[in-house]
Structures are given as C-alpha cells and as structure tokens.
Amino acid sequence: MSEALKLGFSPFAPPAKGVLVVFCDEALRFGSATAKAIAPASGLVARAAKAERFTGKSGSTLELAVPEGLKADRLVVIGAGKAKGLEQKDLLKLGGIAMGKLPMSASDATVFADLPGGAMKAEQAADLAQGIVLRAYAFDRYKTKRKVDEKPPEQRTITVCVSAAAAVGKAYATREAINGGVLMARDLVNEPANVLYPEEFARRTLALKKAGVAVEVLDIPALKKLGMNALLGVGQGSRRESRVVVMRWNGGKAGDAPVAFIGKGVCFDTGGISIKGASGMEDMKGDMAGAACVTGLMQALAARKAKVNAVGLIGLVENMPDGNAQRPGDIVTSMSGQTIEIINTDAEGRLVLGDVIWYAAKRFKPKFMVDLATLTGAIIVALGQEYAGMFANDDKLAERLAKAGEATGEKVWRMPLAPEYDKMIDSKFADMKNTGGSRWGGAITAAQFIQRHVAEKTPWAHLDIAGTGFDSRQTDINRSWGSGWGVRLLDRLVKDYYEK
Ligand code: BES
Ligand code: MN
Ligand code: ZN
C-alpha cells in the first residue's frame, strides 16, 4: 500500500473536517446517532435524495459536497437496503463501498457504524472496518510516476464511530490478523515472476516466523531424497531452483492431528515445451495463487493465535522451456511410487501437487487436507469467476467448505469425481498420464489425477481457483489483480469447525 492507512475507533461525534460516511435503509431512515449528527443538513439530504432518485437501495450511494450546516467537506450516504439481518459479507461490502467513495484527495474520513435499527454491534462494526481495509489495498510499488490527482495523500486517517469502542477493538484484532494474511497473499500474487521466483517466495515465507510459525524450506537435494520427481521434473527447465516450504502453526493441543493446506506455487507457467500462446501469458505470474493463499492463511492463523494445529505446504517451481526441460512422452516416478507419462508439459500443476499432497498425508497424517490451485482453464469455462470448483472425497468436508464459502462470500461449487473420469487418465505406458487427452471435463480429470496422490485415505478437498485467484472482477472489497482468494474462506472453515 502506498498510502499509510490509519484506522481507529471512537464514540459517535460529527467530524470537524474530511468526509463523513453514513448509512440509511431503503426508506431513507437513519440510526439515531446518524440523525443527530446530520440534523443540520437533513433538509438538504432529503432534497438531494429526491433529485438524485436515491432510495437507499443496498449498495447505492448519495454524495453531497460541502453540505451546509456540517463541518465535514463531504457527506456520503450509503444505502444498506433493508438494513436488517446483515451478514459478514454484507458488512464487508458496505465497508468496501465506503472506502471506494473517498476522493483520492481525502486524508480524513469518519464512518458512522450506525443503522436505523441502532448502532452496529461490535462484530458488525469490525466487519465494516475489515471491508474498508481490504478495499484500500493497492499494489503500486512499481509506480514511480503519478498525476497530481492520482496521488493518494501520504497518510489517511479513517475513524469508525461506534457505540462500544472497547469491544470493537477486540473484534477487530481478529479481522486485522486475517486481513494481514489476505494482503500478504495479494502481494505475492501481484508480484512479477522476475522478482518472485521459487527461492524468493520461500524467503518471504520466513517472515511468518515472527508470528510463531515454524518454517522449513526443502531444497533440491532434500526433494530428490524424498523422491519428489514429478515436482522436480516441472522445474528442471528453469534457471530457478524449485523449493517446497513447510509451515507449521501449533496453536492446538499438543499431539492433536493437524489440519493441512497445500498450495500450487508455479511462479511462472509458460507451459514448458507444450508452450502457451503469447496472448495473456503475463497472467501466468499468478499461477502461484494457491501457494499465496496457503501462506497468507498460515500468517492469519498464527496472528490471531488460532487454537488449532495447522500445516501449510507449498510446491514452488517455474515451468520453462529449455534444453533441460521435460518433454512430452517423458515418464517420471512420483514420490508415491506411481509412474506418470507426461502428455502435456502445460499440465504441470497436478504434477507439483501430486508430490506435495502425498508428502503432506504421509508425514502429518492430518485430519483433512485442502489443496488450492490455479489448475485448469476448464474450471473457468464451467464456473466463471464467481465460484471456485471444489472436488472432495469427503461429504462432510465438502459441506463445511460450502458453508464457509457462503458466509465469507468466497464461494465454492462442488464438482464430480467418478471412476469413469478416473479411467480417462490411464496411460498406455505408465500408471497414469498427466492429462485426460481431451478438453472435455478438463477440470475433473485434473482433480482425478490429484486424487490418485491422496495417501492414507485422508479426507481431502481440491479447490480449483483458476477463476478466482486473480483478475477477479473489480469487487467492492478488492481493486487489485491478485485477490487473496481463499484466506478468509479457510480461516472461517478452521474457526467454525476445527478450533477447540
Ligand atoms: N496454470 C494453468 C491453468 C490456468 C489457466 C490458470 C488460466 C489460470 C488461468 C495450468 O497449468 C494449465 O496450463 N492448464 C492447462 C491444462 C491442459 C494442458 C490439460 C489448461 O487448462 O489448458
Ligand atoms: Mn500449465
Ligand atoms: Zn499452471
């Protein structure tokens, strides 16, 4: 973030300067704290609402510059619809909209966490504040030139007015920890591949030690020793060395089996010898969004001191064409001992995940595993950018993920696994091949491949985030390319079902 954002909470008081943001319902009703604060301008607001046909519909806004009677330079009224039964994702959205309405020049803003039904509860006000911070994120560290009107102020102070400032501080601390993980994931996804290659990614995970995460980096000799030949095969055409990072957070009972998260970390995916077309290839710097999410999640769990044992494993490689690159037709033996015929070197993510997921189950015997990967274009064809594709060998885990998705707005849609699809990856020469050979059901055959590497009958879910990990449409709570998708979803899964 270029601008430093200072967020604070205070009791309700009309601001002496800057922007004032308030909420109303679809009958243009305000909470009592709000009504009191804007009383001198209430006639003006009613007139403006009429003139602009502003009715308080959810997400709609009304803006007044230099409103007579108020000390604020600007009044923003945001519609909260019925303003009843607002859930976390609704409040995040309202916070995001509030942030989005601050003019670039504004250095001070006051947001009234107040609704017609009464002042927002501590948890609600904290959700609102979380949305503000998520929206404020921008990845602009490589912008050296800016027009004057594009320049944000050196510092922005946002004051959220609440009724119980002490309680809100505690509720917000948790969300601040989660946001830290989301923004870390976004930074990693946005970073270009000349800067963020496997070794550098691994180096950045060391920052998690500060929060109490144990970080272990496996280098090439270690990976060779483990027999991760499928992963190593993907990276062998790159000048950059592959790495696997193991992150452990032990906030639960000693000896309690951990929950496990595994991420695809292809720092750049050219396709390898089965090279991709030039158009849009730059997006493949984001082919490590799964690994970014796992890293951000581990940071979030540790920062909020989650009462759970969790492990995060990421497979970091760069998929490049080169004299030493893997060829179509090559056969590799994965850590599981199974042999794989490489049909297409662009189906590399499953090769990376196969080894890491096998290792995760064998070493940690987790309660369950969730892997995240920008795995297939086919899942984007199926689901677009709204839902991530979910594949699971366990109904309970799938159900819990779906619920956490609805609660957070990071939604997942279950897709099938079946023996008929599994057969499609049988190979003439080896135990399996790395594509189904046809584009039909491409996300499913990819998931079947990963399932063949799930050891110990571990409950497992695979999230294909090719559509949600980056370039997610400009949303109310994210304007940057990297979305940090999945951190809030998985934090919620842990919190609701696995924390003691
Ligand atoms: N990283 C890509 C998938 C991808 C595509 C992610 C677009 C995000 C946006 C993956 O490694 C890939 O290349 N998949 C191929 C698989 C095919 C060769 C079987 C695909 O989807 O075309
Ligand atoms: Mn690929
Ligand atoms: Zn890829």
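In each ligand, atom 1 is the first atom listed, and ligand 1 is the first ligand listed.
With respect to the salt-bridge test (charged N to carboxylate O, under 4.0 angstrom), the residues Glu499 and Arg304 qualify. Contact check on Arg414 versus Asp395 returns a salt bridge, with a Lys/Arg side-chain nitrogen under 4.0 Å from an Asp/Glu carboxylate oxygen. The pair Glu410-Arg492 does not meet the salt-bridge criterion, since no charged nitrogen lies less than 4.0 angstrom from a carboxylate oxygen. Contact check on Asp127 versus Lys89 returns no salt bridge, with no Lys/Arg side-chain nitrogen under 4.0 Å from an Asp/Glu carboxylate oxygen. Contact check on Lys276 versus Asp346 returns a salt bridge, with a Lys/Arg side-chain nitrogen under 4.0 Å from an Asp/Glu carboxylate oxygen. Asp187 and Arg204 are not joined by a salt bridge, as no carboxylate oxygen comes within less than 4.0 angstrom of a charged side-chain nitrogen.
Geometrically, Lys285 engages Trp481 in a cation-pi contact, judged by NZ or CZ lying under 6.0 Å from the ring centre and within 45° of the ring axis.
Those atoms of ligand 1 that come under 4.0 Å of a heavy atom in Glu348, given as number and element, are 11 (O). Counting the atoms of ligand 1 from 1 in the order shown, those under 4.0 Å from a heavy atom of Asn344 are 18 (C).
For the Zn ion (ligand 3), the nearest N, O or S atom contributed by Glu348 is named OE2. Residue Asp269 approaches the Zn ion (ligand 3) most closely through its N/O/S atom OD2.
Scanning the protein heavy atoms around atom 16 (C) of ligand 1, the nearest turns out to be Arg350 NH2, 3.8 Å. Distance from atom 7 (C) of ligand 1 to its nearest protein heavy atom, with residue and atom name: Met284 CE, 3.7 Å. The protein atom (non-hydrogen) at minimum distance from atom 20 (C) of ligand 1 is Gly377 N, 3.9 Å.
When each of Tyr498, Trp460, Tyr497 is checked for a ring-ring contact (aromatic ring centres under 6.0 Å, His included) with Phe368, only Tyr498 meets the rule. Residue Leu134 forms a side chain to side chain contact (heavy atoms under 4.5 Å, CB included) with just one option from Thr475, Val182, Asp476, Asn478, and that option is Val182.
For atom 2 (C) of ligand 1, the candidate residues are Thr270, Thr435, Asp269; the nearest heavy-atom contact is made by Asp269. Summarising the contacts of atom 10 (C) of ligand 1 with Leu351, Ile380, Leu375, the nearest heavy atom is found in Leu375.
The CG atom of Leu463 sits 6.5 Å away from atom CG of Leu490, with the distance rounded to the nearest 0.5 Å. Taking CG from Asp426 and NZ from Lys428, the interatomic distance works out to 12.0 Å, rounded to the nearest 0.5 Å.
No more than 12 heavy atoms of other residues, nucleotides or ligands shown are found within 6.0 angstrom of CZ on Arg239. The environment of CZ in Arg363 is crowded: more than 12 heavy-atom neighbours from other residues, nucleotides or ligands sit within 6.0 Å.
Close N/O approach between Ala378 and ligand 1 is not found [any backbone or side-chain N/O within under 3.5 Å]. Some N or O of Lys276 is nearer than 3.5 Å to an N or O of ligand 1, by distance alone.
Contact annotation: for Asp346 versus ligand 1, heavy atoms closer than 4.0 Å belong to both the backbone and the side chain. Counting heavy atoms under 4.0 Å from ligand 1, residue Lys264 touches it through the side chain alone. Residue-level proximity to ligand 1 for Arg439 is absent, since no heavy atom of it falls below 4.0 angstrom.
Listed by chain and number, the protein N, O or S atoms at a distance under 2.8 Å from the Mn ion (ligand 2) are Asp269 OD2, Asp346 O, Asp346 OD1, Glu348 OE1.
Rounding to 10 degrees, one finds that the Zn ion (ligand 3) sits at the corner of an angle of 90° between Lys264 NZ and Asp287 OD2.
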